[in-house]
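What follows is a single structure, written as structure tokens, with notes after it.
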2 protein chains.
Amino acid sequence: MTTIYDIAKRANVSSMTVSRVINNKGNISEATRKKVEEAIRELNYIPNSAAQSLNLKKTKLLSLVITDITNPFFTKVARGATDKANQMGYQLILCNTDEDYEKESEYIDALIAKRVDGVIIAPTGDSSLKNLKKLMKNRIPFTLIDRKIENVPCDMVLGDNYEGTRYLLQHLITNGHQRIAMVHGPLTISTSKERYQAYVETLKLNDLTVSPSFLIEDHYKQEDQLAGINHLLELPEDERPTAFFAVNNFIAIKLIKQLRQGGLRVPEDMAVVCFDDLELFIELDPFLTVSSQPAYDFGYMGTQLVIERVEGNSPTGYRSINLKPELVIRKSSGTSIKE
Amino acid sequence: MTTIYDIAKRANVSSMTVSRVINNKGNISEATRKKVEEAIRELNYIPNSAAQSLNLKKTKLLSLVITDITNPFFTKVARGATDKANQMGYQLILCNTDEDYEKESEYIDALIAKRVDGVIIAPTGDSSLKNLKKLMKNRIPFTLIDRKIENVPCDMVLGDNYEGTRYLLQHLITNGHQRIAMVHGPLTISTSKERYQAYVETLKLNDLTVSPSFLIEDHYKQEDQLAGINHLLELPEDERPTAFFAVNNFIAIKLIKQLRQGGLRVPEDMAVVCFDDLELFIELDPFLTVSSQPAYDFGYMGTQLVIERVEGNSPTGYRSINLKPELVIRKSSGTSIKE
DNA sequence: CTGTTAGCGCTTTCAG
DNA sequence: CTGAAAGCGCTAACAG
């Protein structure tokens with residue numbers, strides 16, 4: 001491995017001079033700069049960033065901590081994050097927590113060991129607070145994306161879960177639906193909780209009853225069946241829901257699969273709406289009615305905010321960016337139903 | 001930032017002793033180990049891996065270099081790679097080259113600077129050879145995934161492009177198709193080239209004519225239109241293709257969109273088949289007939305192979321793993337056509 | 001079983 | 001404009 005000393009020797013200068021030309025710092029005569037640059041080229045020298053990091057206490061490493069890159073929402077987030085990171089000269093370490101607090105903790109420890117400059121994280125849930133505190137203790141800035149944790153002083157890039165939910169439900173209600181069930185995730189996850197609350201509020205505002213049996217909880221894990229759905233479907237026709245609001249697209253797909261297994265067609269027998277789009281899919285078949293969120297921007301903006309903080313270009317206060325959802329009406333919500 | 005010396009002082013031992021308990025190396029009395037461990041806990045000490053790397057010349061950093069995480073094939077690859085990496089105690093840096101050799105080069109330089117222990121790469125094309133040589137010069141092991149480069153001594157995890165193509169075409173031919181067009185990518189990419197060659201071979205074997213105008217090239221970039229398609233569609237009915245073989249799912253979607261814009265239905269008016277599945281999508285609508293590749297395994301195995309090499313557990317020779325595709329027949333290829 | 005010394009490759013003083 | 005010395009936090013090699 002060629003080091004800065006090899007270059008120094010070859011160019012007949014000290015290592016300091018080499019360092020200076022590499023980093024474009026201080027004044028160097030054109031002549032010696034040329035010499036050094038040539039030596040660098042000849043020996044294919046690339047500075048060792050471990051050594052740099054040790055000195056500078058900066059690694060130019062960021063990490064994106066999400067639950068699952070395989071979820072199309074997070075795929076887009078990751079694209080946005082890598083784009084911004086690389087544009088700014090950083091590398092991005094990817095971590096999948098699988099909604100598991102323990103895994104998240106292990107990752108956080110590893111990231112601290114690596115001394116990453118900053119973290120962009122969609123936490124697994126409220127208990128992640130402990131992990132965030134660990135980051136704070138180690139002075140590693142982070143921005144929360146998509147999911148909020150209360151009382152954490154940090155930048156955030158969040159969606160508008162109330163508005164998104166309202167869009168979806170109003171659309172269903174306008175179409176004549178009165179009995180709308182919801183499938184949500186753990187309420188320890190802010191997106192799930194807020195969409196849940198918005199669901200309750202919106203129904204009430206529209207004088208619709210909120211029935212506990214219409215609220216199904218899923219664990220955001222890989223299991224195949226949504227418990228409680230089949231029970232709902234066995235209700236007499238005039239009591240069972242005519243529409244479902246799924247908290248996200250992953251759940252919606254699970255749900256639709258299960259509805260079909262139960263012999264129901266979507267949207268003819270059951271309308272379905274959800275958060276987050278499935279972009280590629282939609283090109284082939286504009287099917288799901290969704291509140292589409294700008295996933296790419298979550299990653300891009302989230303990364304921008306950490307970098308600003310890492311580099312000391314942030315305002316003193318913490319910023320919270322609100323990304324608006326957009327209602328996209330497609331087939332799965334059907335047309336108006338007869339009452 | 002707390003260092004190994006802080007721990008040493010607190011535990012009344014030397015830094016070496018601390019180092020030994022951290023790394024579980026050498027013999028330590030139970031008593032001092034306890035003391036040290038307690039000090040570590042009390043001060044929340046986490047070793048600085050930049051310092052470790054500088055000594056050990058190991059970073060426990062790997063990188064996955066792909067063209068676009070947003071492509072569902074690579075999304076799965078990434079999941080497989082992160083899973084294996086983390087299982088083995090490595091972190092994974094994600095790089096998207098966008099099929100751009102220049103971007104790839106920049107990434108490679110950055111990765112060399114970071115002294116990553118290994119790289120898992122789907123190269124942008126044959127010219128990537130130069131970048132791979134750079135890695136070799138820097139003694140960074142890599143495994144090639146999905147795309148092969150000739151004459152590079154390294155481990156590889158590849159699909160069987162011949163077999164996959166044959167499956168797809170035989171299926172179409174069995175269904176009565178005689179005029180099958182192909183949309184491929186740049187022939188500097190091995191997958192595209194091999195599928196192209198397999199296309200030619202298979203048609204010949206079946207005594208079908210290979211018409212140059214039936215071979216459409218796409219650039220694998222974001223452009224909206226596939227040049228040359230419209231021209232094909234303007235041919236008289238008995239001359240125009242009755243089926244298309246798209247080199248991958250991204251292209252297939254582009255193609256189908258364009259066919260529809262031209263007023264053609266798939267599969268009624270035009271059958272379409274391609275490589276690589278769209279897993280989530282397929283749950284909602286089993287549409288595309290594909291040669292499905294085990295994308296996850298490309299990432300997982302690829303990572304396993306580099307790690308083995310990094311850690312010196314590889315055989316002397318280089319290994320080439322062949323992952324078989326599976327033909328999944330769905331709607332887009334239609335049923336038998338009348339001749 | 002534990003400690004000392006030196007050095008990984010670079011940059012930050014401080015001199016010159 | 002350039003260089004010498006010291007140190008970032010850790011571990012390998014050798015002593016004891």
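Proteins come first, then strands; the chains are lettered A, B, ... in the order of their sequence lines, and each starts at number 1.
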Between [X] and [Y] (salt bridge meaning N to carboxylate O under 4.0 Å), is one present in this structure?
X: Glu37(B); Y: Arg20(B); answer: no
X: Arg319(A); Y: Glu308(A); answer: yes
X: Glu102(A); Y: Lys130(A); answer: no

Between [atom2] of [N] and [atom1] of [X], the distance in whole Å:
X: Lys58(B); N: dT11(D); atom1: NZ; atom2: P; answer: 15 Å
X: Leu54(A); N: dA6(D); atom1: CG; atom2: C1'; answer: 13 Å
X: Lys25(B); N: dC10(D); atom1: NZ; atom2: C1'; answer: 12 Å
X: Arg33(A); N: dT2(D); atom1: CZ; atom2: C1'; answer: 13 Å
X: Asp6(A); N: dC8(C); atom1: CG; atom2: C1'; answer: 13 Å
X: Lys60(A); N: dT11(C); atom1: NZ; atom2: P; answer: 13 Å
X: Glu30(A); N: dT2(D); atom1: CD; atom2: C1'; answer: 15 Å
X: Asn24(A); N: dC1(D); atom1: CG; atom2: P; answer: 13 Å

**Ser29(B) or Leu56(A), whichever maps to the more 5' nucleotide of DNA chain C** =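 Per heavy-atom nearest nucleotide, the more 5' residue is Ser29(B).
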
**Message:** Under 4.0 Å, counting only non-hydrogen atoms across every strand here, what does Asn27(B) touch: a base, just sugar-phosphate, or nothing?
**Reply:** base

Short side-chain N/O contact from [X] to OP1 or OP2 of [N], under 4.0 Å:
X: Gln52(B); N: dG9(D); answer: no
X: Lys57(B); N: dT11(D); answer: no
X: Asn55(A); N: dT11(C); answer: no

**Prompt:** Checking only heavy atoms, does the side chain of Tyr5(B) share a donor-acceptor pair with the base of dC8(D) at less than 3.5 Å?
**Reply:** no

When you measure from the side chain of [X] to the backbone of [Y], do you find a donor-acceptor pair of N or O atoms at a distance under 3.5 Å?
X: Ser190(B); Y: Arg147(B); answer: no
X: Asn86(A); Y: Tyr90(A); answer: yes
X: Ser29(B); Y: Thr32(B); answer: yes

**Item:** Residue Thr32(A), side-chain atoms from C-beta onward, closest of dC10(D), dT2(D), dG9(C)
**Value:**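 Taking heavy atoms from C-beta onward, the closest nucleotide is dT2(D).
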
**Asked** Of all the nucleotides listed (dC10(C), dC8(C), dT12(C)), which has the minimum atom distance to the side chain of Ile4(A)?
**Response**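 Ranking dC10(C), dC8(C), dT12(C) by closest atom to the Ile4(A) side chain puts dC10(C) first.
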
**Prompt:** Can you list, by residue number, the residues of residues 10-23 of chain B that have a non-hydrogen atom closer than 4.0 angstrom to DNA chain D?
**Reply:**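 Output list: Ser15(B), Met16(B), Ser19(B), Asn23(B).
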
**Ring center gap for Phe73(B) and Phe298(B) short of 6.0 angstrom** =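 Here the rings of Phe298(B) and Phe73(B) have centres that are less than 6.0 Å from each other.
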
